[in-house]
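Side-chain atoms are counted along with the backbone in the values below, which use heavy atoms only and exclude waters and symmetry mates. Quick note on labels: first sequence line is chain A, next is B, and so on, each numbered from 1.
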Amino acid sequence: MSSKAKKLKRGFYLRPTLEVARDLIGKYLVYRTGGRLLSARLVEVEAYIGEDDPACHAAVGRTPRNEVMYGPGGFSYVYFIYGMYYCLNIVTEVKGFPAAVLIRGAEPVDGIEIMNLNYGRTRQVRLTNGPGKLCKAFNLTRKQNNLDLTGSNLYLEDRHDRAARIKSSARIGIKKGVDKNWRFFDPDSSYVSVKR
DNA sequence: TGTTGGATCAACT
DNA sequence: GTTGATCCAACAC
């Protein structure tokens with residue numbers, strides 16, 4: 001880990017969601033668990049913004065499930081989907097405005113052997129190219145919902161890499177809101193889940 | 001109280 | 001290209 005690594009502060013997350021999403025590409029997700037350190041470089045994210053975005057969980061209004069999206073930016077939102085998978089989101093914007101960035105893909109950096117154990121892989125597989133796979137490799141579940149990302153357990157940091165190329169596209173796996181190009185990814189990474 | 005479908009993935013044909 | 005695995009939140013009744 002570079003000595004230049006800098007944890008992202010609250011102010012980073014309180015900005016407009018599309019800016020946060022774009023800026024998250026090339027940043028590092030860090031998770032300290034059981035005395036071990038897991039980290040991965042983010043290469044694919046999607047923005048979900050407000051009650052007027054039909055694909056956003058907040059489109060149905062405030063519920064117990066999406067409550068954390070209504071809080072201030074810089075907290076984790078982990079939800080369960082399809083009976084088998086968890087997805088990790090980064091809450092953005094100021095308190096009262098529901099928005100978040102879904103982490104869809106990342107390149108494993110630290111603790112890869114732990115990720116393999118968490119995944120219980122049956123064969124050689126990319127561990128973190130997909131939102132469900134990433135949570136499985138990091139062992140993130142509902143217990144990691146609503147964590148303060150300015151704390152010391154789960155956070156994001158800037159390791160001052162050279163800037164990545166960034167492309168945008170429609171979001172993946174949704175039926176509504178496909179007109180918006182709110183997905184951002186690094187086209188040079190092999191850990192992007194869907195090439196388009 | 002019951003039904004339904006989802007911001008997924010892997011293993012098939 | 002299609003499907004099975006498998007849970008829970010949201011909504012209808």
Side-chain angles (χ1 to χ4, degrees), chain A residues 13 16-18 20-22 24-25 27 29 40 42-71 73 75-93 97-108 112 115-147 149 154 156 166-186 189-196:
Chain A
Y13 303 103
T17 306
L18 292 178
V20 177
R22 180 175 279 272
L24 278 173
I25 299 296
K27 299 299 189 293
L29 174 68
L42 303 186
V43 297
E44 183 184 0
V45 302
E46 289 176 358
Y48 289 87
I49 310 175
E51 296 179 346
D52 293 334
D53 172 7
C56 179
H57 284 178
V60 296
R62 196 170 188 144
T63 68
R65 181 204 205 189
N66 63 33
E67 175 69 27
V68 60
M69 292 180 82
Y70 285 79
F75 283 80
S76 62
Y77 171 41
V78 181
Y79 67 88
F80 189 71
I81 192 81
Y82 296 131
M84 328 186 65
Y85 298 105
Y86 294 94
C87 293
L88 170 65
N89 296 250
I90 309 301
V91 176
T92 58
E93 315 235 10
F97 187 87
V101 176
L102 169 68
I103 307 300
R104 286 194 56 92
E107 298 169 351
I112 294 173
M115 295 185 203
N116 272 305
L117 284 175
N118 287 340
Y119 206 86
R121 93 195 143 159
T122 52
R123 64 178 68 176
Q124 195 63 28
V125 68
R126 282 190 202 288
L127 290 163
T128 51
N129 62 328
K133 299 171 80 174
L134 181 126
C135 283
K136 194 170 178 187
F138 272 67
N139 197 24
L140 297 174
T141 69
R142 239 191 328 280
K143 277 180 271 184
Q144 280 73 42
N145 188 39
N146 199 16
L147 292 182
L149 301 178
L154 180 67
L156 292 113
I166 298 177
K167 293 187 109 172
S168 66
S169 80
R171 293 169 291 181
I172 307 297
I174 56 169
K175 300 233 165 73
K176 299 171 183 173
V178 289
D179 55 314
K180 300 178 174 68
N181 286 338
W182 287 357
R183 170 173 175 259
F184 300 95
F185 61 99
D186 174 356
S189 174
S190 61
Y191 280 81
V192 172
S193 65
V194 181
K195 303 282 184 189
R196 81 162 106 109

| request: Round to the nearest Å and state the distance from A/Y86 atom OH to C/dA9 atom P. | output: 10 Å

| message | Working to the nearest 0.5 angstrom, can you tell me the gap between A/I112 CD1 and A/N118 CG? | response | 13.0 Å

| Of the candidate nucleotides B/dG6, C/dT6, C/dC8, which contains the atom at the shortest distance from the side chain of A/F80? | C/dC8

| query | Does NZ or CZ of A/R171 fall inside the cone over A/Y48's six-membered ring, less than 6.0 Å from its centre and within 45° of the axis? | reply | yes

| Is it the case that A/E93 and A/T17 place a side-chain donor and acceptor less than 3.5 Å from each other? | yes

| request: Please work out if A/S193 contacts a base, only the sugar-phosphate, or nothing of the nucleic acid, heavy-atom cut-off 4.0 Å. | output: nothing

| field | Length of the line joining A/E44:CD and B/dT8:P, which is rounded to integer Å | value | 10 Å

| request: Return yes if some donor-acceptor pair links the side-chain N/O of A/Y86 with the main-chain N/O of A/R142 below 3.5 Å, else return no. | output: no

| Should we count CG of A/D179 as having more than 12 external heavy atoms under 6.0 Å? | yes

| request: Flag as yes if A/Y79 stacks onto the base of B/dA7 (centroids under 5.5 Å, planes under 30°), otherwise no. | output: no

| task | Take the protein atom CD1 of A/I174 and the nucleotide atom C1' of B/dA7, then report the distance between them rounded to whole Å. | result | 7 Å

| remark: Atom CG of A/N145 and atom P of C/dA9 are separated, to the nearest Å, by 11 Å

| message | Over all strands shown, is A/G132 touching base, sugar-phosphate only, or nothing at heavy-atom distances under 4.0 angstrom? | response | sugar-phosphate

| query | What nucleic acid atoms does A/K136 come within less than 4.0 Å of, heavy atoms only: base, sugar-phosphate, or nothing? | reply | nothing

| message | Measuring only the P atom in each nucleotide, how far is C/dC13 from B/dG5? A whole number of Å is fine. | response | 14 Å

| query | A/Y85 side chain N/O closer than 4.0 Å to the phosphate oxygens (OP1, OP2) of B/dT8? | reply | no

| A/R65 near the nucleic acid: base, sugar-phosphate alone, or nothing, with a heavy-atom cut-off under 4.0 Å? | sugar-phosphate

| query | Counting just side-chain N and O atoms, does A/R104 come under 4.0 Å of either OP1 or OP2 of B/dT8? | reply | yes

| said: Can you see if the side chain of A/R183 gets near the phosphate of B/dA7 - specifically, an N or O under 4.0 Å from OP1 or OP2? | reply: no

| query | Under 4.0 Å: is that the gap between some side-chain N or O of A/K133 and OP1 or OP2 of B/dA10? | reply | yes

| note | In whole angstroms, the gap separating P of B/dA7 from CG of A/N181 amounts to 18 Å

| task | Return the nearest nucleotide to the side chain of A/T63; candidates are B/dG6, C/dA10, C/dA5. | result | C/dA10

| remark: Here the distance between atom C1' of C/dT6 and atom OH of A/Y82, to the nearest Å, is 13 Å

| query | At under 4.0 Å, does any side-chain N or O of A/Y119 touch on OP1 or OP2 of B/dA10? | reply | yes

| task | Please tell me which of the listed nucleotides, B/dG6, B/dC9, B/dA7, lies nearest to the side chain of A/K175? | result | B/dG6

